[in-house]
Amino acid sequence: MAEKICVLGLGYVGLPTACMLAIQGHTVIGVDVKPDVVQTISKGGIHIEEAGLKTMLQAAINSRNLVAQTDVEPADAFIIAVPTPLTPEKTADISYVERAARSIVPVLASGNLVILESTVPPGTTTELLCRILAESGLDPGSDFLVAHSPERVLPGNIFSELVSNDRVIGGITAESAEAARNLYKGFVEGEILLTDATTAEMVKLVENTFRDVNIALANELAMIADKYNVNIFEIIDLANRHARVNVHQPGPGVGGHCIPIDPWFIIEKSQASDGVIRRSREINDSRPMHIVTLVEKILGTGEDTKISVWGVAYKGNVDDTRESPAVHIINELKRRDYTVGIFDFHTRDFEHEIDSLERAVDDADAILLLADHKEFKYLDPHVIGQRMRRRTVIDTRNCLDSNKWKEAGFEFHLFQREM
Ligand code: SAJ
């Protein structure tokens with residue numbers, strides 16, 4: 001049955017979800033506090049890069065089922081998909097969730113469903129969200145329904161994952177979970193798994209914590225492999241041939257808005273200061289400095305040395321630079337007096353100027369590859385080499401074909417190891 005749904009927060013998760021619901025035939029009010037975002041979306045434009053998003057948005061707007069605005073209005077259901085950043089004290093900043101919840105209070109009506117999709121520390125739905133919504137005078141769980149349904153989509157692949165991923169829904173009551181299932185089942189082809197709200201919150205955090213701890217293992221193994229002068233990527237590839245082994249990839253650090261953040265949410269209220277989750281965070285956070293040390297070892301100190309940084313997004317094939325290790329690496333390289341040219345195939349919006357590829361490599365002493373955008377693989381090392389002063393590549397992602405670059409006269413490093 002078509003319903004009226006207010007989606008609060010039109011970012012990487014809220015906007016694709018709003019489009020999906022509109023295309024399904026629901027009347028969707030997309031709400032964002034930023035007037036410029038609302039304006040762009042209303043004209044069918046997008047403010048973030050995501051495969052297929054523009055087409056989906058235009059389809060949603062053409063269906064006349066989606067409007068974007070800055071104010072919340074009465075609806076049957078509300079979906080909160082706002083950011084939950086990390087504070088400097090490494091705790092969850094839930095002020096956006098609070099603000100979104102408060103904006104629902106004046107329009108909340110009996111029988112409504114409120115779904116929180118934002119990633120939050122365990123207990124947030126039943127404690128904070130319900131407490132704020134109860135300011136309406138209505139009783140959560142009996143007068144209206146509340147559920148947590150964590151988003152689990154992979155940036156760069158959001159539309160296919162919105163549909164195909166299994167979805168965990170935690171209700172504050174069984175009826176709340178059921179109501180949320182009815183809403184999502186219009187487009188979710190994966191299995192919908194019902195549980196309670198706090199379990200659902202923790203499931204989401206566990207998924208990303210697993211990944212962070214596994215990447216920390218890969219990063220620690222990379223340091224060990226460097227000591228033995230063996231190729232860690234080959235080692236992991238061979239180890240992963242074992243049916244029950246799945247070691248992740250080492251890299252320049254862990255970025256994005258989830259993996260470096262969620263482990264902090266899960267340990268926020270626990271006392272374990274020496275636990276594996278915290279230690280993994282520390283290992284992954286130390287990677288950018290490790291890469292800078294490596295650069296210095298390979299190229300010598302900063303003065304008169306130009307480094308061409310390739311890829312500033314937090315991972316390959318996206319434009320997103322949130323928590324990107326490239327930010328720390330570039331800042332530190334500049335602090336150490338290196339000249340830094342920056343090029344990225346996807347990112348336009350960055351705190352340092354992004355050069356053209358030519359400008360970024362002109363007279364450079366080395367290429368430092370930080371994000372494995374697929375386009376890098378197709379560049380011709382001969383053409384690039386001609387513009388450079390010294391032919392060195394430091395590939396932190398195992399992205400480039402070392403033989404091709406070596407044939408073009410490049411000294412090629414996978415982390416410290418010279419190939
Ligand atoms: N990274 C490595 N080595 C790896 C894998 C990743 O260094 O083996 C780095 C990446 O380069 C990147 C960071 O980790 O800097 C995170 O990238 P990612 O692709 O692992 O994760 P996200 O943040 O793009 O998306 C994750 C996904 N979670 C899981 O795969 C468990 C996604 O499904 C979640 O929806 C998303 O977090 C989220 O919103 O929580």
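Predicted model, so just to flag it, every value in this text is computed and none were measured. Counting convention: from 1, in listed order, for ligands and their atoms alike. Numbers here simply count residues along the sequence, with the first being 1.
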Any chance you could measure [X], atom [atom1], to [Y], atom [atom2], to the nearest 0.5 Å?
| X | Y | atom1 | atom2 | result |
| --- | --- | --- | --- | --- |
| Ser164 | Asn157 | OG | CG | 7.5 Å |
| Ile232 | Arg417 | CD1 | CZ | 11.0 Å |
| Leu400 | Lys377 | CG | NZ | 7.5 Å |
| Glu161 | Glu151 | CD | CD | 10.0 Å |
| His346 | Asn317 | NE2 | CG | 5.0 Å |

Protein heavy-atom partner closest to [atom] - residue, atom, separation in Å:
| atom | answer |
| --- | --- |
| atom 13 (C) of ligand 1 | Gly255 O, 3.4 Å |
| atom 31 (C) of ligand 1 | Asn208 OD1, 3.2 Å |
| atom 12 (C) of ligand 1 | Tyr314 O, 3.4 Å |
| atom 1 (N) of ligand 1 | Ile215 CD1, 3.5 Å |
| atom 3 (N) of ligand 1 | Gln249 O, 2.7 Å |
| atom 21 (O) of ligand 1 | Ile259 CD1, 3.6 Å |
| atom 35 (O) of ligand 1 | Val153 O, 2.6 Å |
| atom 19 (O) of ligand 1 | Lys315 NZ, 3.1 Å |

Distance under 4.0 Å to a non-hydrogen atom of [X]: what atoms of ligand 1 satisfy this?
| X | answer |
| --- | --- |
| Cys258 | 36 (C), 37 (O), 38 (C), 39 (O), 40 (O) |
| Pro155 | 24 (O), 25 (O) |
| His248 | 8 (O) |
| Arg397 | 7 (O), 10 (C), 11 (O) |
| Arg152 | 32 (C), 33 (O), 34 (C), 35 (O) |

Hey, which of [options] is the one that makes side chain to side chain contact (heavy atoms under 4.5 Å, CB included) with [X]?
| X | options | result |
| --- | --- | --- |
| Val203 | Val206, Leu205, Thr199 | Thr199 |
| Ile80 | Val31, Leu116, Val120 | Leu116 |
| Tyr314 | Asp320, Thr347, Asp319 | Asp320 |

Whether [X] lies under 4.0 Å from ligand 1, heavy atom:
| X | value |
| --- | --- |
| Gly256 | no |
| Glu323 | no |
| Thr119 | no |

- Task: Tell me which part of Arg211 gets within contact of ligand 1: side chain, backbone, both or neither, using heavy atoms under 4.0 Å.
- Result: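 Answer for Arg211: side chain.
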- Query: Would you call Arg387 and Asp362 a salt bridge, using N to O less than 4.0 angstrom?
  - Reply: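 Asp362 and Arg387: salt-bridged.
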- Option set Val254, Leu154, Ile261, criterion heavy-atom distance to atom 25 (O) of ligand 1, minimum: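 Result: the heavy atom closest to atom 25 (O) of ligand 1 is in Leu154.
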- Message: Would Arg281 pass as a cation-pi partner of Phe265, given that its NZ or CZ must be under 6.0 Å from the six-membered ring centre and within 45 degrees of the axis?
- Response: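 No; the conditions do not both hold, so Arg281 does not lie above the ring face of Phe265.
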- Query: Is there at least one pair of N or O atoms, one from Glu207 and one from ligand 1, spaced under 3.5 Å apart?
  - Reply: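 In fact, backbone or side chain, Glu207 has no N or O that close.
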- Is the closest N or O pair between Glu161 and ligand 1 shorter than 3.5 Å?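 No; the residue has no nitrogen or oxygen that sits under 3.5 Å from a nitrogen or oxygen of the ligand.
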- Derivation of the side-chain hydrogen bond (donor to acceptor under 3.5 Å, both in side chains) call for Glu201 and Thr124: CA-CA 8 Å; Glu201 288 164 340; Thr124 305; 4.6 Å; no
- Aromatic contact, Phe376 with Trp310 (centres under 6.0 Å):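 Yes, they do, as the ring centres are separated by less than 6.0 Å.
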